[in-house]
Amino acid sequence: MNFIDNPGKLHSFEKRGFEKNIKVEKVSRRSILKGLGITGGFVLAAPVMSRQALAYETGAGKMPHGVVVDPRVFVSVGPDGIVTIVGHRSEMGTGVRTSLPLIVAEEMEADWSRVKVQQAHGDEVKFGNQDTDGSRSTRHYLIPMRQIGASARTMLEQAAAKRWGVPATEVKAVNHEVVHSASGRKLGFGELAADAAKESVPSIEGLKLKDPKNFRYLGKGQVGIVDLHDITTGKAHYGADVRLPGMKYAVIARPPVTGGKLVSFDPDAALKVPGVEKVLKVQGWPWPSKFQPLGGVAVIARNTGAAIKGRDALKLVWDDGPNGKYDSVAYRKELEEASRKPGLVLRKEGDADAALKGADKVIVGEYYVPHLAHVSMETPVAVADVKGDKAEIWAPVQSPGGTREDVAKTLGIPEGNVTVNVTLLGGGFGRKSKCDFALEAALLSKELGAPVKVQWTREDDIHNGFLHTVSVERIEAGLDKSGKVVAWRHRSVAPSIASTFAAGTVHQAPFEIGMGLVDMPFEIANISCENPEAAAFTRIGWFRSVSNIPRAFAVQSMVGEIAQATGRDQKETLLALIGSPRIVKPEVKDLWNYGEPQESYPIDTARLRKAVELVAEKGEWGRKVPKGHGLGIAVHRSFVSYIATIVEVAVDDKGKLTVPRVDTAIDCGTYVNPERIASQIEGAAIMGLSLAKYGEITFKDGKVQQKNFDDFQVVRMDESPVVTNVYIVPPGPDTPPSGVGEPGVPPFAPALINAIFAATGKRIRSLPIGKQLEA
Amino acid sequence: MIKVKINGQEQSWDGDPDLPLLWFLRDEAGLTGTKYGCGQALCGACTVIVDKQAVRACITSVNDVAGREVTTIEGLHPTGDHPVQKAWRQVNVPQCGFCQAGQIMQAAALLMDNPKPSHDQIRESMSGNICRCGCYQRIENAVHLASTGV
């Protein structure tokens with residue numbers, strides 16, 4: 001779910017700015033301040049994180065529109081003392097709508113029970129970057145949110161000191177009031193709000209951040225998510241739940257083959273369905289279509305049920321276009337053949353060819369991971385109300401700023417005339433980083449002159465998505481007589497996400513090859529990492545954890561195969577390959593590090609080892625398990641976090657697989673909410689099990705062959721791990737925060753596969769497992 | 001004209017009698033707590049209770065519930081304090097939360113039928129409800145908690 005760090009090649013990302021330089025934006029106070037009651041003048045709103053103020057640097061400033069550190073944008077205090085904090089990232093289940101405002105509340109000494117969270121609309125000039133992807137919200141905003149909270153606290157303290165005529169150093173904010181302990185005087189935040197608003201925003205350099213030992217909320221995990229009550233009572237508001245007066249309901253028939261076009265359609269039968277009002281053509285964009293709509297025919301009705309029934313009655317003729325021959329069986333053969341020949345060399349250390357030739361034993365593993373669909377429980381859905389040259393959108397988008405830009409461009413109106421209201425997301429997993437569904441709603445609303453909701457069905461979601469890539473990962477490991485690995489050749493063949501933006505793309509982008517291919521951390525003398533060519537024949541997009549899924553599966557399965565071939569323990573084999581505690585610096589052009597500086601976020605094998613050792617200790621590696629059970633282990637660094645997982649499986653004599661226990665250790669640096677980290681890792685185990693057991697989207701004649709949860713299955717409760725234990729590595733004092741949302745997924749499948757080998761002696765190299773254990 | 005009682009209130013519908021109850025609830029009656037997930041009774045996101053039975057609203061027509069009593073998440077408890085809802089909050093079950101109304105209605109129906117389900121019974125009777133975020137461990141614990149007293 002990372003945005004591409006290589007704007008030069010991908011013109012659709014050029015529009016996103018990628019400002020190298022920090023800009024000072026002039027923002028009208030009137031537009032940003034309600035509770036504080038200021039009018040006129042300008043405030044600074046700029047990504048002004050100075051070196052002195054930080055123990056480490058992050059890539060936040062390099063994101064489009066950077067970071068805005070300004071309490072007046074994010075915080076307001078009402079006269080009633082209610083503190084409103086803006087959540088500017090999208091909530092799709094990670095808890096970010098709670099954790100970022102919680103950081104502000106912590107630093108400003110606000111009492112969480114008197115804090116309200118307000119969702120920001122899409123406006124990156126005002127709020128800074130809002131792309132909720134790449135597992136980077138906490139990583140990029142821990143320090144800025146602390147600075148915002150500390151600034152607000154300082155302004156409240158200064159206001160109280162002035163009121164009392166005492167030096168500001170004598171007063172202190174404590175739990176929603178400012179206290180002058182010498183005189184025993186106290187003033188609530190509400191009583192100070194109007195005066196505090198008149199104080200100037202303190203400079204970041206002079207800010208005093210709280211001593212972490214005085215934290216009330218950060219690192220504790222006792223605060224529930226802000227939407228908990230609404231979710232349990234049906235009041236939580238998702239994109240699907242938006243209702244406007246006069247709103248029409250639309251369902252669209254899209255080309256069954258990506259890049260296909262409508263030839264003709266007959267609306268008569270659809271128009272006879274009760275409740276159907278209109279049938280309209282929807283504009284489509286040529287392949288590769290970026291985030292733009294695929295086009296098709298929309299059925300407009302008074303409710304969604306009628307629109308679906310109307311669509312079923314449409315008679316449609318399509319031209320399948322250039323991808324009409326895409327066939328997963330044939331394509332897999334092509335990928336396998338490509339993986340057996342040399343490809344573009346991306347990392348070369350020593351001489352892997354010679355070392356493989358001279359090796360005592362060569363182990364070859366060819367691993368396959370097919371296309372996957374996100375299937376978030378809330379399918380893509382959006383509401384648009386376009387009036388003249390103004391548009392208002394309500395949508396569950398991971399990319400509020402990008403959506404605003406794309407709506408403006410698609411309708412040909414100024415970006416300032418577009419309002420993007422961000423609802424809760426019923427899951428995202430990368431799918432909702434692409435705003436095609438919001439663009440469809442905007443186009444239809446413009447044409448109808450009425451508010452429109454575009455609802456994707458589950459079949460639409462599976463047939464017309466932006467799928468996870470399909471890949472063959474071929475690894476050859478050369479061992480010397482002692483069993484030491486002396487050569488490593490890894491060829492990764494997969495269509496790139498970049499193919500959705502630029503025709504003719506056949507190589508993976510730096511952000512893809514940097515996800516577990518060229519950043520491979522093992523201490524091996526001869527390494528070759530290669531990328532043979534692969535063209536794309538459908539829309540490929542970010543899927544939670546992205547290329548780390550096939551890479552961790554291949555690399556960590558190979559560790560299991562090496563252990564198997566040498567008769568050694570999996571964990572000991574893994575630690576031997578990781579080697580000494582050190583910083584790995586692969587010699588790779590454009591080495592992707594999740595957008596982070598190497599200095600703050602190096603590839604640190606001491607941390608990788610620590611994750612393995614912690615999970616082995618807490619997860620009781622080597623414990624005796626019943627007959628038919630087995631233990632497997634895997635570790636993977638992704639999104640600059642280090643995660644190790646042990647899976648216990650049980651396989652019965654009919655090949656039925658169950659997972660009695662999962663143990664995961666995560667080193668995500670400094671963290672905010674351990675309770676949400678645990679929930680993300682528990683969920684990652686289930687997503688990992690889903691993709692390992694069932695996950696496969698296949699194509700025939702250019703069309704996706706699956707349609708719903710019956711043939712694209714995900715794990716249900718009766719087959720989910722009985723228990724998942726999560727252990728968080730305690731961070732050092734200055735360890736920067738790193739990703740949580742995505743890194744739990746990649747190590748799961750290889751740990752499971754290694755466990756299946758331990759239980760059954762069967763080595764699975766092709767996902768999904770499907771019926772392979774039944775044979 | 002079809003008449004149906006939803007959360008204690010009489011509602012009427014004179015449109016297509018085959019309209020799935022799900023879309024009647026969401027688009028016509030404005031009760032958006034019940035969610036669409038698959039339209040084929042495969043995921044349970046649209047689960048409501050009809051006369052004490054958990055029912056998938058996406059494959060149930062308005063006509064099917066004529067004269068019957070439908071309870072949605074909005075009507076499960078006047079203040080949202082049904083034992084299942086309280087247990088859900090205590091265990092911090094949800095991630096994105098989209099499937100949770102259906103999960104809660106399924107769990108409430110289960111406890112009406114079997115007030116003290118075993119863990120295996122919970123896992124079996126909740127397995128028609130998909131959670132893509134993967135909150136199953138917590139759902140199981142919350143149902144257990146609701147059954148033993150919140």
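We name chains A, B, ... by the order of the sequence lines, and we start the count at 1 in each one.
- Taking the charged nitrogens against the carboxylate oxygens, B:Lys35 and A:Asp241 do have a contact shorter than 4.0 Å, which makes a salt bridge.
- There is no contact between B:Leu22 and chain A, counting heavy-atom distances below 4.5 Å.
- B:Gly37 and A:Phe709 get closest at one heavy-atom pair: O-CE1, 3.8 Å.
- Between A:Ala306 and B:Leu19, the shortest heavy-atom contact is N-CD1, 4.1 Å.
- Residue B:Tyr36 comes nearest to A:Trp456 through the heavy atom pair CE2-O, 3.7 Å, listed as atom of the first residue, atom of the second, then distance.
- The shortest non-hydrogen separation linking B:Thr32 to A:Arg243 is CG2-CD, 3.7 Å.
- When heavy atoms are compared at a cutoff of 4.5 Å, B:Glu74 approaches chain A by way of both its backbone and its side chain.
- Using a 4.5 Å cut-off between heavy atoms, B:Thr72 makes no contact with chain A at all.
- Contact between B:Gly97 and A:Tyr238 at its shortest, heavy atoms only, is C-OH, 3.0 Å.
- Between A:Ser720 and B:Arg123, the closest side-chain pair of non-hydrogen atoms falls below 4.5 Å.
- Between B:Gln85 and A:His229, the closest side-chain pair of non-hydrogen atoms is not below 4.5 Å.
- The two residues A:Arg458 and B:Cys38 make their nearest non-hydrogen contact at CB-CA, 3.9 Å.
- Only the side chain of A:Thr379 comes within less than 4.5 Å of a heavy atom of chain B; its backbone N, CA, C and O stay farther away.
- The side-chain heavy atoms of B:Ile130 and A:Met377, taken from C-beta on, include a pair separated by under 4.5 Å.
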